[in-house]
Amino acid sequence: MVVSSKNLFEKFNNSSLIVKGQRQALEPGFVPERLPHREEEAEHLAEILSPSLRNFKPSNVIIFGKPGVGKTSVVKFVENEMTKAIQSRLDAKIKIIDVNCGIVDNPYGVLLSVGDGLLESWEERLPFTGWPLEKLYNTVLEKINTFAGIAIIVLDEIDKLVRKSGDTVLYQLLRINETSNQGRVCILGISNDLRFTEYLDPRVRSRLIEETMVYNPYNATQIYDILRDRSMYAGIADSIDDSAMKTCAALAAQEHGDARRAIDLLRIAVELTEKGEEGRIVEDTIYEAKRKLERDVVVETVSTLPLHSKLVLFSISLIDEIKNGGSSTMGEFYDLYEKIADRMGVSSLTQRRVADIIGELSNLGLIDSKVQSFGRYGRTTTVTMNYGSSKIKDILSADEMLSQLKDVKPLQKSLPVS
DNA sequence: CATCCACTGGAATACCGGGTTC
DNA sequence: GAACCCGGTATTCCAGTGGATG
């Protein structure tokens, strides 16, 4: 091995030749100073929330829109602006509490986040489990009362919360305004799913949804503008071909106008270029970035799967291999899965549970599954692989526990001829 | 239109981390 | 600090259901 006399970090240290500005501008969480094609939405939201500056409770709002259409960005942007506005008015008592329901999706967690968001000092943090829900709720209520201002609770991915835990937390939060004589809460929900309100109790629905906003997907031109903006912030504008930027925008526009994906692509293209020699982002770099992104997503999702999901996926890929891309039925891969689990010395899950795992894998896009009826011969789910089974097996083999299965072959006789 | 297999929704159970009480 | 309470999560258990084919 050649050991250079230079410091090990030298080659990473000298800043990129491509990124001459803020690198964060290419990261998912970045909130720019202006939001191309979302100015009106930001203004509208600010208008809805503005009563809080005069100590009135604003209407509750729900923002709908597909992923990557700027919902969260607009909200974060307005939050920042509002924080600035509060600083110049000492009389306004406002707290903004962010809850990401994609992560915190149970009643206890949501109430806890609200309670912690109202804290004045670090010491009074609430226990993250253990208390009866009622006690937690009363504590939160008390805190809101002593705060005696307006708490704007931002529930990102509110649809996930409702789907998983129902609407009781929302009911409780809304009830604060009737019980509390001092503080007020305003709920700002962000949802990917237009229909989640169907799961709500009518009383909750009418009180929660006082205002709605629907953000439409961006088209290619709009994404192009966003990308140009971001490349300015990042200082990469001179290093990227216009055609590459257009391609990037076009690819993302095809996927429901998802600006986040466009920015992801751009970021990866930048990273690829930094490692390569050309020093310029061209159209091909974007396509290469796209392939890398897709590959990474599959590797990431497969390798972070829980053990039993991996085993199920493994069985499916084995059968897929034997049948040369054919589909397999519940009976087939469940038998195989049981054998594999047995060989590994772990107790197998029931078929019921495996049926759910199939649903999860299918949601992740790793497999396709559909229920098929064979008349007299009953009903079953058949699944097909979405990615090459050898590729999936490779990723799975990276798992220590599974590497020993590399050479497992299902017995031919266990597979009925289809 | 009966029949067959397993899909599917919900109740039940087990276990976990953590607080509370005595 | 043992025994118990609490809510969350994962899984199992059970029973009702679906739907095309023969």
Side-chain angles (χ1 to χ4, degrees), chain A residues 99-116 119 122-143 155 157-173 175 195-196 198-199 201 301 304-313 315-316 319 327-342 344-364 367-384 401 414-418:
Chain A
V99 183
N100 185 344
C101 304
I103 301 164
V104 182
D105 56 4
N106 52 284
Y108 195 99
V110 172
L111 284 177
L112 183 69
S113 304
V114 174
D116 278 350
L119 289 187
W122 199 233
E123 290 80 44
E124 32 180 326
R125 254 178 321 166
L126 292 92
F128 66 84
T129 173
W131 276 7
L133 217 47
E134 195 59 28
K135 177 172 177 180
L136 183 63
Y137 174 75
N138 287 330
T139 313
V140 170
L141 189 60
E142 204 175 288
K143 277 180 185 297
L155 298 173
E157 303 195 59
I158 190 173
D159 47 323
K160 295 223 173 93
L161 171 67
V162 172
R163 190 154 316 148
K164 259 208 91 188
S165 313
D167 55 7
T168 44
V169 215
L170 296 178
Y171 177 75
Q172 286 182 312
L173 289 177
R175 199 160 58 109
R195 298 160 307 150
F196 93 93
E198 290 167 15
Y199 300 106
D201 183 283
T301 47
T304 55
L305 248 28
L307 176 65
H308 284 285
S309 306
K310 282 182 176 175
L311 292 180
V312 172
L313 190 57
S315 326
I316 296 169
I319 293 180
S327 58
S328 43
T329 65
M330 187 63 158
E332 287 167 4
F333 62 75
Y334 184 71
D335 281 353
L336 183 54
Y337 156 78
E338 272 187 312
K339 283 187 191 130
I340 291 174
D342 185 54
M344 293 189 54
V346 291
S347 53
S348 52
L349 302 176
T350 53
Q351 189 170 293
R352 177 68 187 83
R353 177 67 190 125
V354 171
D356 283 345
I357 288 179
I358 292 299
E360 289 159 22
L361 292 175
S362 169
N363 272 336
L364 290 170
I367 58 172
D368 272 335
S369 75
K370 59 176 176 196
V371 287
Q372 226 174 355
S373 194
F374 294 101
R376 285 284 279 97
Y377 305 106
R379 208 165 63 125
T380 188
T381 27
T382 56
V383 303
T384 43
M401 302 230 2
S414 71
L415 296 174
V417 194
S418 55

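By convention in this document, chain letters (A, B, ...) are assigned in the order of the sequence lines, proteins followed by strands, and residues within each chain are numbered from 1.
Between A:Leu173 and A:Val110 the shortest side-chain heavy-atom distance falls below 4.5 Å.
Looking at heavy-atom distances under 4.0 Å, A:Ser165 makes no contact with the nucleic acid at all. Within the nucleic acid shown, A:Lys370 has no heavy atom closer than 4.0 Å to any nucleic acid atom. Note on A:Gln372: nothing from the nucleic acid sits closer than 4.0 angstrom, heavy atoms only.
Where DNA chain C meets chain A (any atom under 4.0 Å from a heavy atom), the bounding nucleotides read 5' to 3' are C:dC6 to C:dG22.
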Using a cutoff of under 3.5 Å, can you pull out all pairs of nitrogen or oxygen atoms linking the protein to nucleotides 1-5 of chain B, with atom names and distances?
from  : atom 1 : to       : atom 2 : distance (Å)
B:dC4 : O4'    : A:Arg376 : O      : 3.0
B:dC4 : O2     : A:Gly375 : O      : 3.3
B:dC5 : O2     : A:Arg379 : N      : 3.1

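Residue A:Leu349 comes nearest to A:Tyr337 through the heavy atom pair N-OH, 2.8 Å, listed as atom of the first residue, atom of the second, then distance. The minimum heavy-atom distance between A:Ser165 and A:Asp105, with the atom names listed, is OG-O, 2.5 Å.
Taking five base pairs at each end of the helix from B:dC1-C:dG22 to B:dC22-C:dG1, the local helix axes there meet at an angle of 20°, rounded to 10°.
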*Summarise protein proximity over nucleotides 10-22 of chain B in one line of letters, 5' to 3': B for base, S for sugar-phosphate only, - for none, counting protein heavy atoms closer than 4.0 Å.*
B------BBSS--
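Partners of A:Ser309 under the side chain to side chain donor-acceptor pair (under 3.5 Å) rule, at least two apart in sequence or in another chain, do not exist in this structure.
Pairs engaging residues 353-363 of chain A under the salt bridge (charged side-chain N to carboxylate O under 4.0 Å, His left out) rule: A:Arg352-A:Asp356, A:Arg353-A:Glu360 [sequence neighbours left out].
A distance of 8.5 Å separates CG of A:Leu313 from CD1 of A:Ile358, quoted to the nearest 0.5 Å.
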